[in-house]
Amino acid sequence: MACCATHLFDYLSTGYSTTLHRQRVAPPLVFAEVLFLSIASLLLNIPLVFGQVNPPAEVSQLTLADESPPAVSDPNLSIETVATGLKRPVAMAFLGNSSDDIIVVEKDNGTVRRVIDGVVQPEPLVDVAVANDNNTNERGLLGMAVAPQNDSTTYVFLYYTESGGGQDGDDAQGIVPVGNRLYRYELSEDPFTGTAKLINPKLLLDLPARPGPRYNGGPLLVGQNPTTHETIVYLIIGDLDHHETQSQNDEDGPPPDGTSGILAIDADGHPLPNPVLVRAATSGDGNDDEEEEEDEESDDDEEEAEDIGMLPYYYAYGIRNSFGMDFDPVTGQIWDTENGRNDSDEINLVLPGFNSGWPVIQGPASRHEDVDVDDDLVDFGGRGEYRDPEFTWITTVGPTAIKFYNSTHLGAAYQNDIFVGDINNGRIYHFDLNEDRTGLMLEDNGALEDKVADNPDELSSGGVVFGTGFSAISDIEVGPDGNLYVLMYYGGGKIMRIAPAQELAP
């Protein structure tokens, strides 16, 4: 199972009213390529019971596939079903300040659905043509992020593998996908009828989709420039079935091509000013030695003449594949999850210029005795830096969503902690952070003190398993009400809510 579910996501591949007519949007003719996940011809069909449950006194006796109904380890919390009937949903977001208004993307049919008061609306906000080999691979509609701009404008960013022939799944007939593409849409709602749709698609990124069909990534994250307050979009893409470039730590390979990294752009698709992995232009200030200035200018001229590919778009690199990314609400730093090949799934703190090490290193570097971090990894002139994962699962679990809980609604003990979902077992993991928020509090977790779960038994004894029985988790979000919402890729395509027990009492 560990190999087969190279993370169900990995092996498959991380709103508004809907009385509008189902429409197929024809985006502008530009080449690009999409990201994200697809869970499953390999996933187990696990019969589960959903709805409000009484949490057990403890979560124990974990197996590779939790077959029990959803449960959490905190007796003060309960679970209820919010919505059902979604088709392979991979991402969700709340609209405005309502926890009862959610938009969800469905991977294989390229639709964005709106869920109002727990009811999946009959017509999608948009329906895009996706390559997905008839629902059998990791291509599809892979990621979404919502970014209100002002009182009248809300952007919705969609990342998907665009069909080459305008029909879902036509890559099964040998039609080559246009690419993995990031589009920006605008949310439009009729105030009189309440109907809504996504309009005005603008292509922002045109990324590789071949050879594929695996490891397209998919997570999108929206932030703000702290100075200008302009929107910044972060996107994770995997190695597309083994590209070999400098972003995959191949020193002799071609320059980065938009794979194996976290890419960062503004809302119009431009790379950010002063990209972290590109040498900054220098100019003499009158205090430098003249000869030193000439050397610097010569170096700059050499780099300007050099083909650096898509390097200006990179915030991080050396990433195999990922389905989760979030900001720490305290520090503003990015954290992600990463899927290993046959072992070593990871949680990472992603500092600017982060090198995750793929394919040279998976898991801690100390477990690779034949690797010299300084000599065997690409560092782009010292601007990139390898960092060990903050947590590693040696037995693959297929980590997907990572979410910081920026509320006290479920209890002050959870405030600003990390929750991580997995696709293989339907579990939720809970981690406290250390004082300076650069790592996880694992010193008192027995076998997990080395930041590595070498087997499932260490997870059971380490106290990090918070929830079980959620079938296959594709997203976790914190609602405006402070409750935790869990999106299930399988098990009926459900949205579940974790809330204080008294809040859900009949």
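- Arg184 contributes a side-chain N or O that, together with a main-chain N or O of Ala267, makes up a donor-acceptor pair within less than 3.5 Å.
- Across all their heavy atoms, Leu433 and Asn416 have their closest contact at CD1-O, 4.1 Å.
- Put simply, the side chain of Leu484 reaches to within 4.5 Å of the side chain of Val478, judged on heavy atoms.
- In this structure a side-chain-to-backbone donor-acceptor pair under 3.5 Å is present from Thr245 to Ser247.
- Contact record, Tyr485 with Val82: CE2-CG2, 4.0 Å, taken as the closest heavy-atom pair.
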CA sep, side-chain torsions, deciding dist, call: Phe391, Tyr429, ring-ring contact (aromatic ring centres under 6.0 Å, His included): CA-CA 11 Å; Phe391 189 75; Tyr429 307 89; 7.7 Å; no
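- Rounding to the nearest 0.5 Å gives a distance of 5.5 Å between OG1 of Thr400 and CD1 of Ile423.
- Between the side chain of Asn249 and the backbone N or O of Val378, at least one donor-acceptor pair lies under 3.5 Å.
- The CZ atom of Phe404 sits 6.5 Å away from the OG1 atom of Thr331 when rounded to the nearest 0.5 Å.
- For the atom pair CG (Leu198) and OG (Ser188), the distance works out to 9.0 Å, reported to the nearest 0.5 Å.
- Looking at heavy atoms from C-beta onward, Tyr489 lies in side-chain contact with Val90 at the 4.5 angstrom threshold.
- With contacts defined as side-chain heavy-atom distances shorter than 4.5 Å, the pair Tyr314/Val278 does not qualify.
- Listed here is the closest heavy atom pair of Ser474 and Ala401: O-CB, 4.2 Å.
- Between the side chain of Asn132 and the backbone N or O of Asp108, at least one donor-acceptor pair lies under 3.5 Å.
- A donor-acceptor contact shorter than 3.5 Å is absent between the side chain of Gln246 and the backbone of Pro256.
- For the residue pair Thr438 / Asp436, a side-chain donor-acceptor distance below 3.5 Å is found, with atom types taken as modelled.
- Aromatic ring pairs are classed by plane angle as parallel below 30°, tilted from 30° to 60° and perpendicular above 60°; the pair Tyr183 and Tyr185 is tilted.
- Using modelled atom types, one side-chain atom of Asp171 and one backbone atom of Asp133 make a donor-acceptor pair closer than 3.5 Å.
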Could you walk me through whether Asp190 and Lys197 pass the salt bridge (charged side-chain N to carboxylate O under 4.0 Å, His left out) test, one step at a time? CA-CA 9 Å; Asp190 186 326; Lys197 57 185 176 180; over 6 Å; no
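- The backbone N or O of Lys87 sits less than 3.5 Å from a side-chain atom of Glu106, completing a donor-acceptor pair.
- When all heavy atoms are compared, the tightest approach of Ala264 to Leu272 is CB-CD1, 3.8 Å.
- Put simply, the side chain of Lys494 never gets that close to the backbone of Leu86: no donor and acceptor are under 3.5 Å apart.
- Every residue two or more places apart in sequence or in another chain that forms a side-chain contact (heavy atoms from CB on, under 4.5 Å) with Thr227 is listed here: Asn225.
- Classification of the Tyr215-His242 ring pair by plane angle, with boundaries at 30° and 60°, yields tilted.
- Counting only residues at least two apart or in different chains, ring-ring contact (aromatic ring centres under 6.0 Å, His included) contacts with residues 218-237 comprise Tyr234-Tyr315, Tyr234-Phe327.
- Checking side-chain atoms of Asp170 against main-chain N and O of Gly165 turns up a donor-acceptor pair under 3.5 Å.
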Which is it for His430 and Asp417 under the side chain to side chain donor-acceptor pair (under 3.5 Å) test, yes or no, and what are the steps along the way? CA-CA 7 Å; His430 167 237; Asp417 290 354; 2.8 Å; yes
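- Remark: Asp326 pairs with Lys403 by the salt bridge (Lys or Arg N to Asp or Glu O under 4.0 Å) rule, at least two apart or across chains.
- For Asp336, the salt bridge (Lys or Arg N to Asp or Glu O under 4.0 Å) test picks out no residue, with sequence neighbours left out.
- Nearest approach of Ile498 to Asn483, heavy atoms of both residues: O-CB, 3.4 Å.
- Inter-residue side-chain proximity for Val233 and Tyr155 is flagged as unmet; no heavy-atom pair is nearer than 4.5 Å.
- Checked against Leu141 for a side chain to side chain contact (heavy atoms under 4.5 Å, CB included), the options Thr111, Val112, Asp127, Asn109 give a single hit: Val112.
- The number of heavy atoms from other shown groups lying within 6.0 Å of CG (Asn150) is above 12.
- Proximity of Pro389 to Ile347: side-chain heavy atoms (C-beta onward) are nowhere separated by under 4.5 Å.
- Minimum interatomic distance between Gln333 and Val350 (heavy atoms only, all atoms of both residues): OE1-O, 4.2 Å.
- Between the side chains of Asn355 and Asp379, no donor-acceptor pair is found at a separation under 3.5 Å.
- Interatomic distance, Leu158 CG to Leu220 CG, rounded to the nearest 0.5 Å: 8.0 Å.
- Looking at heavy atoms from C-beta onward, Leu240 lies in side-chain contact with Asn216 at the 4.5 angstrom threshold.
- Among pairs with a residue in residues 254-264, those fulfilling side chain to side chain donor-acceptor pair (under 3.5 Å) read His243-Asp257, Gln248-Thr259, Gln248-Ser260, Asp257-Thr259, at least two apart in sequence or across chains.
- Looking only at distances, a side-chain donor or acceptor of Arg320 sits under 3.5 Å from a matching main-chain atom of Gly340.
- Between the side chains of Gln415 and Thr408, not a single donor N or O lies within less than 3.5 Å of an accepting N or O.
- Side-chain contact, Asp422 with Asn424: no donor N or O sits under 3.5 Å from an acceptor N or O.
- To the nearest 0.5 Å, the span separating CD1 on Ile334 from CE on Met325 amounts to 6.0 Å.
- Exactly one of Phe354, Tyr386, Phe380 qualifies for a ring-ring contact (aromatic ring centres under 6.0 Å, His included) with Tyr317. That residue is Phe380.
- With sequence neighbours excluded, the residues forming a side-chain contact (heavy atoms from CB on, under 4.5 Å) with Val146 are Ala93, Leu95, Ile103, Pro148, Thr154, Val156, listed by chain and number.
- Distance CZ/Arg497 to CG/Asp481: 6.5 Å, rounded to 0.5 Å.
- Taking the six-membered ring where the residue is Trp, Phe419 and Tyr414 present tilted rings, their angle falling between 30° and 60°.
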